[in-house]
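Have a look at the structure below, then the notes.
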Amino acid sequence: MSEAPRHRPVRAVVIGGSMAGMLAAAAVRDHVDAVEIVEAHELPEGPEPRTGVPQAVHIHMLQTGGAEAIEDLLPGSIDRLLAAGAHRIPVTSNMVICSPEGWYRRWQHATHYLISASRDLLDFVVRQQVLEDPRVGVRTRTRAVGLLGDRRTVTGVRVRTADGAEDEIRADLVVDASGRATRTPQWLAGLGVTGLAQDDIDSGLVYASRIYRAPVATDDWPMVGVQADPRLPRPGKAGGMLPIEGNRWHVSLMGAPGGHPTRDADAFEPFARTLRHPLLADLLAHAEPLTDVSVSHSTANRRYHYERLTRRPEGLVVLGDSAAVFNPVYAQGISVAAQGALALRELLSGGLTTGLARRAQRAIARPIDHAWALATGQDIHFATTKGKSPTLADRLLHRYVSRLSRTATGSFRAATALTDVLALQAAPTTLVKPSVLLSALLGPLRPPLDGPQLTPAQRELLNSPNKPARDSDYA
């Protein structure tokens, strides 16, 4: 009697133990026998800084679309985050935002939400859940240095350990989630795959961030933001404050060339006072700084169009920052990576079939398309931006979106339509639906607010004795 044929284990390799890498592992684990994550550094055991994530010092949040994608990939993630101190912020009822068109209202009915926490906590909760699965392993202090295979099929990765030893890891599927430092374009060129298109749009924005001990409990604290206005004849400046675990405020200030923030701790709060409204500076006057100021110049939008390659190898998918990075002021990166991982999982339900990599890359490109349109559609209108100048069509669209934003300051319908897109739950094209066009045509249904919409407790804090601004600002 002949033996039954043995099942050959199906393996996947994920390059990078980043957030995108962990989400990729979560996406493929049910469709392979084993997943191996290759990570160049050690992974912390708790919610601590991870080497190789310089952007972790800046504010992070999950948009509704991203939070729901993570919850789908890793059920229970949101509950774990909230139990560890993350905040679920109702949108727009618990947001105090000064847009270029005016202050947004805090509508009583929340249509969306944000998850706000430190990047270290976000990473830890996702990493912990992924690595609990016995099908998922990780090689730390190991760097991917090349792809195995040829221009038709990628069959694994070549790796090098910290002590210089090289090895080959064979795999049926390779997912590059190595981030901004990805080498996949060069590796593909080495295999003879050419024609990869790349877009770069850089506003020159610089980030400066700091964590403060909040003077009040932050359980119900809003997201606070003052946005830049590209129409003003001076360098764009913006700032944001999010409540994070431990009754702390995470604050990031941003400035375009000619108005950059610096690492000087004594200059942080004075810079906040140069924004279009002093709200952030007035709040920080009551808080205790807990960290030094961290600065980042890595704020360019960059995208590789893998989905457009006419010839691409089977067995390779690119996800997260390896495929596209966005100006972090728009808080899209993690959410887009999560939606891309979810799209990959859905396609894998049909098995590792011929053409999977091409279909997956096209599916991953869809959430990238939406976020790219939002980020670059704003950045190209700053005079300091390099890489693209606005066309007439861009200018007309920007004028329409500005009108819709002004309408949203006094129209719940318009505010919801904008939020659907900003939360990565609807495509930007939905902003030109007839009902939204009509809202924009009618304009705001309520008069504009003359200042931030604050609760009595928030006004009391701002009007306390050591407040440097006039009490009447927050009457």
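This one's a predicted model, so the numbers in the text were calculated from it and none came from an experiment. Positions are given from 1, in the same order as the sequence printed here.
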[X] (side chain) donor-acceptor with [Y] (main chain) under 3.5 angstrom:
X    : Y    : answer
R358 : L309 : yes
E71  : G76  : yes
T218 : A214 : no
S18  : A177 : yes
R127 : G46  : yes
D33  : R11  : no
Q332 : A423 : no
S252 : I59  : yes
H277 : L279 : yes
S411 : A408 : no

Check whether any side-chain heavy atom of [X] sits under 4.5 Å from a side-chain heavy atom of [Y], and report yes or no.
X    : Y    : result
E36  : V138 : no
R303 : V325 : no
Q425 : E68  : yes
Y330 : L422 : no
D120 : E48  : no
V336 : F326 : yes
L114 : M223 : yes
L148 : V154 : no

From CA spacing to verdict: side-chain contact (heavy atoms from CB on, under 4.5 Å), N94, R106: CA-CA 6 Å; N94 213 14; R106 299 171 70 168; 2.6 Å; yes
Any side-chain donor-acceptor pair under 3.5 Å between [X] and [Y]?
X    : Y    : result
N247 : R213 : no
T354 : E314 : no
Y104 : S405 : yes
R170 : T155 : yes
E245 : S118 : yes
R359 : T353 : yes
S77  : Q129 : yes
H381 : D394 : no

Above 12 or not: heavy atoms from other molecules or residues under 6.0 Å from [atom1] of [X]?
X    : atom1 : answer
Q186 : CD    : yes
D292 : CG    : no
R302 : CZ    : yes
Q198 : CD    : yes
D133 : CG    : yes

Residue pair [X] / [Y]: nearest heavy atoms and the distance that separates them:
X    : Y    : result
W103 : L449 : O-CD1, 3.9 Å
A363 : P367 : O-CD, 3.2 Å
I211 : T291 : N-OG1, 3.1 Å
T416 : H112 : O-CE1, 4.3 Å
A341 : A27  : O-CB, 3.2 Å
Q453 : R105 : OE1-CA, 3.4 Å

Assess whether salt bridge (charged side-chain N to carboxylate O under 4.0 Å, His left out) is satisfied between R139 and D167, documenting all intermediate values. CA-CA 12 Å; R139 290 197 196 191; D167 192 10; 3.2 Å; yes
Applying the side chain to side chain donor-acceptor pair (under 3.5 Å) criterion to N327, which one of D379, T376, D202 satisfies it?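 Single pass found, and it is D379.
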Are the aromatic rings of W249 and Y212 close, with centres under 6.0 Å apart? no
Measure up the F412 and H109 rings against each other and bin them: parallel (under 30°), tilted (30 to 60°), perpendicular (over 60°).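 F412 vs H109 ring planes: tilted.
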Salt-bridge criterion met for D123 and R50 (N-O under 4.0 Å):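 Result for this pair is yes, salt bridge flagged.
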Should the pair R345-D72 be classified as a salt bridge under the 4.0 Å nitrogen-to-oxygen rule? yes
Just how far is it from atom [atom1] of [X] to atom [atom2] of [Y], taken to the nearest 0.5 Å?
X    : Y    : atom1 : atom2 : value
T182 : L319 : OG1   : CG    : 11.0 Å
W372 : L374 : CH2   : CG    : 12.0 Å
Q458 : T455 : CD    : OG1   : 3.0 Å
L191 : W187 : CG    : CH2   : 10.5 Å
I70  : L62  : CD1   : CG    : 4.5 Å
L280 : L253 : CG    : CG    : 7.0 Å

Please step through side-chain contact (heavy atoms from CB on, under 4.5 Å) for the pair T140 and H41, ending with a clear verdict. CA-CA 6 Å; T140 57; H41 307 286; over 6 Å; no
Taking only residues two or more places apart in sequence or in another chain, which ones pass ring pair (Phe, Tyr, Trp, His ring centres under 6.0 Å) with H58?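 Partners of H58 by the ring pair (Phe, Tyr, Trp, His ring centres under 6.0 Å) criterion, ordered by chain and then number, come out as Y207.
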Set out, in order, the CA-CA distance, both residues' side-chain angles and the distance that settles side-chain contact (heavy atoms from CB on, under 4.5 Å) for V38 and V14, then state yes or no. CA-CA 6 Å; V38 177; V14 175; over 6 Å; no
Got a sec, which pairs hit salt bridge (Lys or Arg N to Asp or Glu O under 4.0 Å) with one end in residues 80-93, sequence neighbours left out? R80-E132
Test log, rule side-chain contact (heavy atoms from CB on, under 4.5 Å), inputs M61 and L242: CA-CA 8 Å; M61 61 185 173; L242 287 171; 4.0 Å; yes
